Each structure stands twice: as C-alpha cells, then as structure tokens.
Protein chains: 2
Amino acid sequence: MRLPVKDMDIATGSVRVVILNQQDAARMDLHANDRLFLRKGGRKAIAILDVAESEKAVPPGRIGLFEEVLDALNAKHNDIVDFILARKPESIDSIKLKMDGKELTPSQINGIVKDIVHSNLTDVELTSFVTANYIHGMTMNEVVSLTKSMAYSGLHLSLRRRPIMDVHSIGGVPGNRTTPIVVPIVAAAGLTIPKTSSRAITSPAGTADALEVLTNVILPKEKLERLAYQLGGFMVWGGAISLAPADDKIIAVEHPLNIDAEGQMLASIMAKKASVGATHLLLEIPIDRNGKVRDERRALHLKNAFCTLGNKLGIDVHVLVTDGSQPIGNGIGPALEARDVIWVLTDDRRGPQDLREKSLIMAGKLLEMGNCCKRGEGYATAERILDSGEAYAKFIEIIKAQGGPRIVKADAVPLSAHTFIVRAPRNGTITNMDNKALASIAKAAGAPSDHGSGIFLHKHRSENVRRGEPLYTIHAGSRDELRYATSAARAFNGVSIR
Amino acid sequence: MRLPVKDMDIATGSVRVVILNQQDAARMDLHANDRLFLRKGGRKAIAILDVAESEKAVPPGRIGLFEEVLDALNAKHNDIVDFILARKPESIDSIKLKMDGKELTPSQINGIVKDIVHSNLTDVELTSFVTANYIHGMTMNEVVSLTKSMAYSGLHLSLRRRPIMDVHSIGGVPGNRTTPIVVPIVAAAGLTIPKTSSRAITSPAGTADALEVLTNVILPKEKLERLAYQLGGFMVWGGAISLAPADDKIIAVEHPLNIDAEGQMLASIMAKKASVGATHLLLEIPIDRNGKVRDERRALHLKNAFCTLGNKLGIDVHVLVTDGSQPIGNGIGPALEARDVIWVLTDDRRGPQDLREKSLIMAGKLLEMGNCCKRGEGYATAERILDSGEAYAKFIEIIKAQGGPRIVKADAVPLSAHTFIVRAPRNGTITNMDNKALASIAKAAGAPSDHGSGIFLHKHRSENVRRGEPLYTIHAGSRDELRYATSAARAFNGVSIR
C-alpha cells in the first residue's frame with residue numbers, strides 16, 4: 001500500500017503513531033492498534049496505526065505521520081511512503097499466555113519488559129498484561145523475573161563498595177519525612193546509602209518534593225556515583241534518572257483503574273533498589289486501617305513477600321511494621337516537612353519528637369544491618385551521631401553538593417502566605433487525627449505543587465484541647481486555594497475530639 | 001487551574017481529548033487518562049487527558065484541545081480555559097468489580113455499555129473490562145444483560161409484524177454466500193426477513209461486500225423499515241446503521257490481542273438480531289478443524305448457549321451444525337461470489353450445486369420455522385420458489401429498491417483482469433481444499449477491497465484431476481497483486497491431491 005504523507009505536526013515523545021482515515025483503513029482491512037511496517041527509500045520504521053473518523057484529522061488517500069515516524073523515515077509532507085501490516089511482537093503471545101493463566105518464563109517476562117521500555121506495546125496490549133497480572137496474580141518466580149528485567153532495563157549504578165544500604169517506606173502517612181534525617185546519620189557513620197525517592201503520587205508531599213525545597217534533586221548518573229563515593233550518599237528524585245522505566249508505564253495503566261497489583265508493586269519497589277545496587281534494605285510498613293496496609297495480617301504477608309523476593313535478588317531485607325494511623329511530625333506539605341527535618345537535625349526545640357524518634361529507630365536499625373555497631377546499640381549510636389551535629393554536617397554536605405546552600409535555616413523556608421487557623425469546636429481530648437482528611441485538606445491548599453502550602457499541626461492525638469484553641473494552620477498559595485482548603489476542612493472534620 | 005488553549009487541529013471523531021505537557025501534568029498532579037472537567041464562560045465539557053513528553057506537541061503553560069473539545073467549549077486558540085480533575089464514571093467501579101470476579105448486575109452492565117457508546121471510557125478502562133470478561137468468563141445473566149444493553153444502545157427497527165425471521169452463519173467458510181439466495185426465497189414466501197450482514201473482517205469477502213457488487217448496501221433506517229413492509233426484506237451492510245455501536249468498540253479492543261471471548265461473541269451476534277426485532281433465528285455453525293469452531297463438542301456447546309440466550313431474549317433460535325471444512329460454491333471474493341449467487345437464482349447450469357443445496361436447506365428450515373409450510377416440507381417449498389423464478393424476481397425487486405439495476409447478469413459482473421491458472425501438478429484425487437490457504441491467496445489477489453479479485457475454483461474435493469488440468473484461476477487487481485497471490489499459492493499449497 002502506498003500513500004502520500006500528511007505531516008501531523010505532533011510528537012508523542014514515545015510511541016510511533018500513524019493515522020489513516022477510517023475509509024482507507026476499512027478498505028485495506030487494517031484496524032486501530034495494528035502495527036504497520038513503513039518504508040521510504042532505504043528507511044524503515046514500525047508504527048502503531050490509529051484510525052481517524054473525521055476527514056479533518058486525516059482525509060482518505062493520505063497517511064498521517066507523527067514527528068517520530070517522519071524522523072525515522074526522513075519523510076516530509078506529500079512524500080510517498082509504502083506500508084504493510086507488520087508482524088506483532090512475540091511479547092503479545094506471552095501476554096495472551098498470562099491471560100490464559102499460565103506462568104511466564106523469565107525470558108517471556110523479559111521480552112514484555114523490553115517491549116514496554118521501547119514503546120512497542122499499545123495501551124490495549126499493556127493494559128491486558130496489567131489486568132491479567134491483577135486477576136491471576138503473579139508467582140514469586142514471575143515477580144523475581146519482572147524485578148530483574150525492570151532493574152536492568154534502565155539506568156543502574158555500579159558502586160564498587162559493600163554494603164550498600166537503602167531504606168523505603170510503603171507510603172501514605174502524612175509528614176513521615178524520615179529519609180532526610182536517616183540518610184545523613186547513616187552516611188555520617190561511614191556507610192553508603194544512595195537514596196532515590198519519589199515525588200507525591202496521591203499524597204500532599206513525597207520525600208523528593210520536600211528535599212526540592214532545600215536543594216536540587218535532579219542529578220545525572222555520573223554525579224550520583226561521585227557523591228556516593230565522596231559523601232557516602234545522596235538524596236535525589238528517582239523519577240529523573242530512568243531507574244526502572246517500564247515501571248512508570250505500568251503505573252500509568254494501573255492509575256486510571258486505581259489498582260495496585262501486589263506482584264507489580266513488589267517488583268516496582270525492589271527493581272529500584274536493585275538498580276542502585278542495594279545489598280541491604282530497611283523497609284517500613286505502616287499500618288493504617290484507612291491506608292494502603294490495613295491490618296497486621298496484611299503487613300506480615302507483605303513482609304514475607306519482600307523478604308523472599310529480597311533473598312532471590314541478593315538483598316538483605318529487614319522490615320519494620322509501624323503504627324501508621326497518625327501523621328508524623330507537625331508539617332504536612334513539602335516546605336512544612338522540610339522545616340520539621342531541619343529542626344530535628346539542628347536539635348531545635350520545635351523539632352517534632354515523634355519524627356526524631358522514628359528516624360533514630362530506622363537509622364539505628366540500618367547501622368546494625370551495616371555492622372557499624374553491635375546489635376541493640378543502633379539507636380544509641382544514631383542518637384549520638386544526631387546530637388553531636390555530625391548528621392547535620394553530613395546533611396549540609398549532601399545538600400550543598402547537590403546544588404543547595406551552605407547552611408539551611410528552618411525559619412528561612414518560605415511558606416505560603418494565605419493562612420487560616422482551624423480551632424477546636426469544644427473542650428476535650430483528641431482521639432484521632434484523620435490521615436486521609438488532613439492529606440486532602442493539604443492538597444486543597446495547593447500541596448505538593450505549591451511547595452509552601454499545606455498544614456501545620458498544633459496538636460496531636462491524646463492531647464487535651466480547650467474550645468477555641470488552634471488545632472492546625474492551613475497555609476495556602478492563593479485565596480481560592482485557601483477557600484478550597486477551609487471548605488475541605490469543614491467537610492472532612494480531620495480531628496476527632498471526645 | 002487555568003491555561004491558554006493550543007488548538008491541536010485534530011479530531012478523534014469520538015473521545016474528547018486534551019493534552020498537557022508532562023511538566024504541567026506533574027506539577028498539577030494529573031496523569032494520562034485522568035478525566036478533566038473544563039469550563040469556558042458558560043460552556044462545560046469533560047475530556048480525557050493525554051500527557052505530551054515533547055514541547056512540540058504542547059509546550060508547558062498551554063492546554064492542547066482537540067476539535068471536539070474546542071467545539072464543546074466554543075473555544076479557540078489562546079482562549080483561557082479553567083479545568084479541574086473530574087469524577088470518574090461509575091462504570092469504572094463496575095469494571096473493577098468484574099476484575100475482582102464478581103457477577104455484574106443488569107444496571108451495572110448497562111452503565112458500562114452506555115459509557116462505551118458515549119466514548120466515556122478510555123482504552124485502558126475498556127481493555128480491562130474486555131480482558132476481565134475473557135479471563136473470568138461471563139455468566140448467562142451477564143450475557144443477557146450485555147446483549148440487551150447493546151441492542152438498545154443503538155438504532156433498532158420497530159416493525160409491527162410477526163414473525164420476523166433472521167439468519168446468521170458463524171463465518172469463516174470461503175464462498176459461503178447463501179444469504180442473497182435465502183432472503184429472496186423466504187421473502188417471496190411472504191415472511192419478513194430484514195437482513196443485515198457484515199463486511200469481511202478477516203476473510204476475502206463478507207455478504208455485504210458481495211452484495212455491494214450488485215447494489216447499494218448502505219440505507220437509512222426509515223428506508224429499511226419501508227422495504228421490510230413493502231418487499232418483506234432487504235439485504236444491507238449492518239455496519240452502516242449503528243445497530244449495536246458498543247460492539248464495534250469492544251471488537252476493536254479484542255482485535256489486537258486476537259481474543260474472542262465467548263460471552264462477548266454471543267452478545268455481539270444476538271444484539272444485532274435483537275435490534276432488528278428478530279423473533280426467529282436460523283443459526284449455522286460450520287465445523288472446520290482449522291476454523292472458528294473446531295469440533296462437534298464445541299459446536300454443541302455453542303448451540304446450547306445460543307438457544308439459552310435466544311430463549312431469554314424471546315428469540316426462537318434453531319441451529320444447523322454443518323461441515324465447514326471445504327469452500328462452498330466456486331467463487332471466493334465479492335464479485336466471484338455474486339456471480340455464483342446469480343447463477344443459482346437464474347437456474348444457470350454454471351450455478352454451483354453445493355451453494356444451491358445449502359441455500360435450499362436453510363431457506364426450507366426458515367419456511368418451517370415461520371409456519372409457511374408443514375414440518376418436513378420446507379426444502380421442497382423453497383425449491384419450488386427458487387425454480388419457479390419467484391426468488392429471482394424477489395431478488396431483483398430488493399436489489400432495485402436498494403438502488404441497483406432492473407436486471408442483473410452474471411456475465412456482466414466485472415472481474416479483475418490479471419489472471420493466472422493454478423494447475424494440478426500430477427494425476428490423482430483431490431483429498432482436501434484448504435479454506436485458510438485459499439482465503440489467503442484470494443486476499444493476496446486483492447479481495448475484498450478489489451471487488452473483482454479472488455479465486456474461481458474449477459475443482460472440488462473428491463474430484464479426479466489429471467496433471468496440468470486447471471485447479472483454480474486467480475483474478476488479481478494489479479500485476480503486483482497477481483505476483484503476491486501466485487507466490488502465496490506456491491507457499492500454501494491450497495489443494496491436496498492423492
């Protein structure tokens with residue numbers, strides 16, 4: 001088949017797309033999502049077919065080419081291209097097998113991951129894979145294969161040093177910003193901890209968002225390796241270095257259906273640890289009956305799954321199951337959380353005790369795992385490093401090396417200017433602070449995209465309050481956002497008093 | 001959120017799409033496939049978000065709007081639009097339930113079908129539904145709901161006449177063009193048979209393709225109802241009248257994975273029968289060990305499923321299980337099959353006996369089902385109507401009313417000019433004609449898009465041949481296609497001689 005080109009003047013940035021009018025497609029017996037093999041002169045390309053119903057998009061007698069296809073064929077408007085139906089990638093047969101409930105081999109899974117990374121699969125094909133994994137579940141062997149394939153399909157650090165420590169929390173607890181405290185303590189103790197973090201996905205702040213208030217979190221691979229050798233660690237946004245590129249595409253498909261298939265979740269987390277070369281991982285699993293992990297049974301199940309998977313990958317996984325029912329620290333939102341972190345690191349009396357406590361427990365555990373101290377002495381060792389100012393010095397070293405200032409002052413962290421204080425409606429004791437409600441209010445105020453927005457908690461669970469006393473202060477980026485946040489606060493009633 | 005518009009100058013013809021640059025999307029915490037609620041002045045619209053990685057598609061600080069969205073908002077380039085994340089349609093919760101293995105209620109299925117018809121679901125969501133149906137299967141109650149929802153979501157004929165006959169063959173047998181013979185016989189007997197047919201999907205010709213050689217197969221609903229009343233029937237392309245619009249979209253998702261989930265297949269066929277108001281359906285299930293239905297066990301299973309479903313829909317289904325292992329008639333390809341049909345209708349000695357025989361069996365069964373004759377007398381009655389010329393007269397009446405000529409001559413049907421005769425390589429008896437191979441050769445020659453292309457069979461199974469005797473003639477639309485077809489004929493060896 002031969003048709004003159006219409007330059008669509010669109011780029012997808014990934015998948016190669018061509019468009020035919022539906023009349024031509026019907027006549028040529030071609031369907032949306034078919035793969036076409038295109039040729040112009042000596043140039044060749046494979047692209048996914050989209051079918052346009054309107055003549056405005058592509059009229060009959062023309063083939064519309066997106067930017068990536070024009071480039072690959074070195075073609076321009078009105079050039080003639082040849083095309084035929086192309087063979088489907090083998091990974092589609094593997095997806096079909098998974099749909100039929102068969103266990104996939106490592107090489108089948110590797111083929112699928114490669115095709116995901118190279119944008120060779122359409123949304124329909126990828127969705128079927130993800131849906132089949134969700135429905136049938138994945139065996140541990142499949143999860144191991146998926147993890148390895150994902151880890152080695154992207155960038156990976158090759159640090160010639162052992163051990164390499166890593167830490168991860170299965171998110172969802174507002175204000176739980178332990179990483180910027182744990183990493184400096186562990187690095188100051190002489191261990192290597194190359195830490196990549198995520199941005200907020202559904203929460204008001206991720207670790208990367210909070211760190212971005214203080215320094216640059218997007219660095220190239222070579223720089224990261226240098227920092228790991230020179231300083232023992234770094235704290236960056238994992239999304240910027242393509243650590244497990246297949247993962248993002250899988251998550252993009254899970255997102256609209258709000259599914260989080262266990263096998264894929266395990267692989268997603270562990271692939272990123274494998275790609276920085278971690279030998280030891282401390283994993284926090286917070287239990288919250290409204291959160292991701294709802295009870296102890298589920299936490300123990302996940303603990304076993306992570307340990308088994310770690311074992312197969314050569315990563316020593318230690319799991320801390322924690323109470324995730326209440327926010328940690330006082331700030332919820334990037335800048336407010338960054339301020340808490342600095343206060344804890346500088347031993348300021350405004351530093352939230354619960355954040356300090358939790359950070360010391362985690363850092364202590366990592367010190368023990370890394371053989372920096374005897375078992376049972378981790379907490380005390382971590383506390384000494386924090387209180388001596390070594391952790392803060394290491395923190396400043398890392399922040400500065402990544403492009404931040406030479407000192408950071410909590411009081412200099414800019415917060416959003418529109419504020420409103422939510423006060424106790426009556427006397428009593430706080431019986432609960434609702435994670436989800438507080439997160440929603442902080443998001444309504446503008447977090448995480450407005451770094452300075454969010455919530456500052458004046459009170460915590462079990463504290464007594466008197467009518468009219470401040471419960472929390474909303475910081476919003478604009479008058480509109482303040483209005484959204486205050487009406488969210490009225491609607492959700494984030495604080496229970498009895 | 002507010003951004004100035006970039007007019008993308010693209011129309012999808014269905015789904016409303018807007019595009020943000022990935023930088024903006026990340027900042028706003030929005031993801032591909034999210035639904036956005038857009039507003040400009042008093043105008044509102046809901047659209048699906050696509051995220052562009054390249055600045056060329058949509059630069060940061062702009063929102064790209066497709067044609068359908070521009071129209072809905074009455075917006076143009078550089079206008080400012082407001083947008084927020086919209087609530088997801090309820091049908092997504094239903095899809096999630098199906099993924100979790102739950103049986104869906106009629107109203108849940110109806111909600112999904114409505115959202116499919118109105119393009120409210122993304123490819124990801126629709127694919128998850130189709131994949132979940134494939135993996136979990138559908139209960140008979142679900143199939144009934146799906147059939148009813150699909151039938152009533154599109155156009156349906158309301159003929160005030162009973163009975164209304166229909167006939168369907170679960171395709172795949174080359175040359176099996178009984179419909180244009182059966183419909184005139186049944187209509188000539190005084191019954192009503194409003195027949196919609198499909199075009200070729202993967203075969204060298206569908207009934208609609210063959211009829212298109214002789215007349216117009218695209219007619220508006222009002223005209224169809226008039227023809228049904230005045231002539232007792234019509235023969236048109238079902239795709240032109242939106243009979244079960246959800247079905248096409250489901251098939252578009254099944255196609256790339258080459259799946260054909262039973263529940264969806266049952267619903268797809270029966271919805272179209274329900275939407276023309278059929279009270280009686282004769283269903284042919286041809287068995288071919290390389291085809292859609294591979295053995296008698298499968299045929300009986302399908303027979304039961306169709307009868308049960310028909311029962312719940314108030315359609316009296318009668319099933320004929322036939323031998324589908326060999327081509328029917330001599331022609332394979334739209335014009336070649338149309339010629340066979342005319343020869344049979346005009347009692348020409350060149351009319352293939354097997355096509356005549358099968359058409360009489362089917363027409364006879366329909367006459368019995370419609371109480372036009374006693375049980376056991378259907379075949380003889382049909383034969384009398386055919387041989388008396390009444391069927392041909394009715395055929396001409398219908399063809400003419402649809403826009404065709406007053407007489408049709410088999411010899412006037414134009415065939416493609418590039419021909420090649422495939423000859424027997426040795427003496428012997430033909431033990432098999434391979435349906436799939438012959439279909440591939442006919443398609444390589446240009447069928448169905450070149451109506452005149454295909455294959456004319458000189459011989460059939462069980463016949464003796466001498467070396468050098470013609471087996472079949474290839475008719476191709478161009479020299480290239482003739483070359484493709486002859487090399488396909490060499491590769492596939494469509495005729496076995498022993």
Side-chain angles (χ1 to χ4, degrees), chain A residues 8-14 19 22 26-29 31-35 50-58 64 66-68 88 92 95-96 99-101 122-132 134-136 199-202 239 251-259 443 447-449, chain B residues 8-14 19 22 26-29 31-35 48 50-58 64 66-68 88 92 95-96 99-101 122-132 134-136 199-202 239 251-259 443 448-449:
Chain A
M8 299 302 292
D9 203 21
I10 314 177
T12 65
S14 54
I19 304 186
Q22 61 176 353
R27 209 165 41 80
M28 296 169 178
D29 195 20
H31 301 77
N33 284 322
D34 275 346
R35 279 170 187 73
D50 210 343
V51 175
E53 295 179 33
S54 101
E55 302 222 347
K56 172 147 190 200
V58 175
F66 277 34
E67 203 58 19
E68 291 82 4
K88 293 189 173 191
I92 291 180
I95 292 173
K96 193 87 183 293
M99 287 169 65
D100 288 332
T122 64
D123 266 5
V124 167
E125 293 148 359
L126 179 56
T127 303
S128 286
F129 178 60
V130 170
T131 305
Y134 174 83
I135 293 176
H136 288 304
R199 291 190 189 278
I201 298 170
T202 55
I251 288 171
V253 167
E254 291 188 311
H255 174 80
L257 293 154
N258 199 20
I259 60 174
K443 283 163 72 178
S449 57
Chain B
M8 299 302 292
D9 204 20
I10 315 177
T12 64
S14 54
I19 304 187
Q22 60 175 355
R27 209 166 41 81
M28 295 169 178
D29 195 19
H31 300 78
N33 284 322
D34 275 346
R35 282 172 183 73
I48 305 288
D50 210 343
V51 175
E53 296 180 31
S54 100
E55 302 221 347
K56 173 148 189 200
V58 175
F66 278 32
E67 204 60 20
E68 290 82 4
K88 292 189 173 190
I92 292 180
I95 292 173
K96 194 83 183 295
M99 288 168 67
D100 288 332
T122 64
D123 266 5
V124 167
E125 293 149 359
L126 179 56
T127 303
S128 286
F129 179 59
V130 169
T131 305
Y134 173 82
I135 294 176
H136 288 304
R199 291 191 188 278
I201 298 169
T202 56
I251 288 172
V253 167
E254 290 187 312
H255 173 79
L257 292 154
N258 198 19
I259 60 174
K443 283 164 72 176
S449 56

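Being a predicted model, the structure only gives us computed values, none of them experimental. Labels below follow one simple rule: chain letters A, B, ... track the order of the sequence lines, proteins then strands, and each chain is numbered from 1. Just so it is clear, the values below take in all heavy atoms, side chains as well, and ignore hydrogens, waters and symmetry mates.
Counting heavy-atom pairs closer than 4.5 Å to chain B, the top residue among A:Lys88, A:Lys443, A:Glu55 is A:Lys88. For chain A, the option among B:Thr122, B:Val58, B:Asp100, B:Asp50 with the highest count of heavy-atom pairs below 4.5 Å is B:Asp100. Most heavy-atom pairs under 4.5 Å with chain A, from the set B:Asp123, B:Ile19, B:Asn33, B:Ile135: that is B:Ile135. Between chain A and the options B:Met99, B:Arg199, B:Met8, the largest number of non-hydrogen pairs under 4.5 Å is found for B:Met99. Interface check for chain A: of the options B:Ser128, B:Ala132, B:Ser449, B:Pro448, the most heavy-atom pairs under 4.5 Å are formed by B:Ser128. Counting heavy-atom pairs closer than 4.5 Å to chain B, the top residue among A:Val130, A:Ile95, A:Ile259 is A:Ile259.
Remark: A:His136 pairs with no residue by the ring pair (Phe, Tyr, Trp, His ring centres under 6.0 Å) rule, at least two apart or across chains.
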